[in-house]
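Below: one structure, written as structure tokens.
Note that the coordinates shown come from a computational prediction; the quantities given were computed from them, not determined experimentally. Heavy-atom basis, side chains included; hydrogens, waters and symmetry copies ignored.
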Amino acid sequence: MTLTLAEAQTMAAAVQAAAEARALHPLAIVVLDAGGHDLVVLRSERAGFHRVGIARGKATSCLGMGLDGADLADRAKAAPAFYAALAATLIGGMLPMPGGVLLRDATGLVVGAVGVSGDTGANDDLAIRDGVVAARATS
């Protein structure tokens, strides 16, 4: 199964709506397919400098390592040299922090990832999780 453009657009819109409902700072949202290709890039008009790049780096990190950003952040604390080396080699960047989440199909297969940047990592993560739940409830 693959992540379709329509599903990615629904996901990005749901993440944006969740961020607005939580009154978060303006965000950038990047939805990648399983191969790390952009499906959707959504940037709030007031989102800060380089937010799209940071969001993409969070999503890319999840895909590259097969873990959500919060889990990567914990691992990076235990092995900083390893994660620094990954940052230097992973195309698309390595940002092991909350605000990146893997997307899986009903069987558990990774079909993509979402990265968000603009608020705190914890709030970015909440917006993704709220948005994913809302998007899946409507599909």
For I54 and S117, work out which heavy atoms get closest and say how close.
CG2-OG, 3.3 Å

With clusters defined by side-chain heavy atoms of hydrophobic residues (ILVMFWY) lying less than 4.5 Å apart, directly or transitively, does V111 cluster with V15?
yes

On a heavy-atom basis, which atom in V52 and which in A28 lie closest, and how many Å separate them?
N-CB, 3.6 Å

For P98 and A122 the tightest heavy-atom approach is CB-N, 4.1 Å

Test item: T4 side-chain N/O and E7 main-chain N/O as donor-acceptor pair under 3.5 Å
yes

Roughly how far, to the nearest 0.5 Å, is CG of L109 from CG of L103?
11.5 Å

With side chains defined as the heavy atoms from C-beta onward, is the minimum distance between V40 and M11 less than 4.5 Å?
no

What distance do L24 atom CG and L126 atom CG have between them, rounded to the nearest 0.5 Å?
8.0 Å

Does a side-chain N-to-carboxylate-O contact under 4.0 Å join D124 and K58?
yes

If you round to the nearest 0.5 Å, how far is CE of M97 from OH of Y83?
12.5 Å

Please report the closest heavy-atom contact between V101 and C62, naming both atoms and the distance.
N-SG, 3.7 Å

Atom CZ in R43, atom CD in Q16: separation rounded to 0.5 Å?
11.0 Å

Shared hydrophobic cluster for V31 and V110 (ILVMFWY, side-chain gaps under 4.5 Å)
no

Please report the interatomic distance OG1(T120) to NE2(H25), rounded to the nearest 0.5 Å.
8.0 Å

Under 4.5 Å between any side-chain heavy atoms of D33 and T2, yes or no?
no

Is L5 linked to L42 within one hydrophobic cluster, defined over Ile, Leu, Val, Met, Phe, Trp and Tyr using a side-chain heavy-atom separation of less than 4.5 Å?
yes

Examine I128 and V133 and state if one hydrophobic cluster contains both, with Ile, Leu, Val, Met, Phe, Trp and Tyr joined whenever side-chain heavy atoms are less than 4.5 Å apart.
no

Closest contact, heavy atoms only, G112 versus L3:
CA-CD2, 4.4 Å

Between M65 and L86, which heavy-atom pair has the shortest distance, and what is it?
SD-CD1, 3.7 Å

Heavy-atom side-chain contact between L32 and D38 under 4.5 Å:
yes

Joint cluster assignment, L27 & V41, ILVMFWY side-chain distance < 4.5 Å:
no

Less than 4.5 Å apart, any side-chain heavy atom of V114 and any of I29?
yes

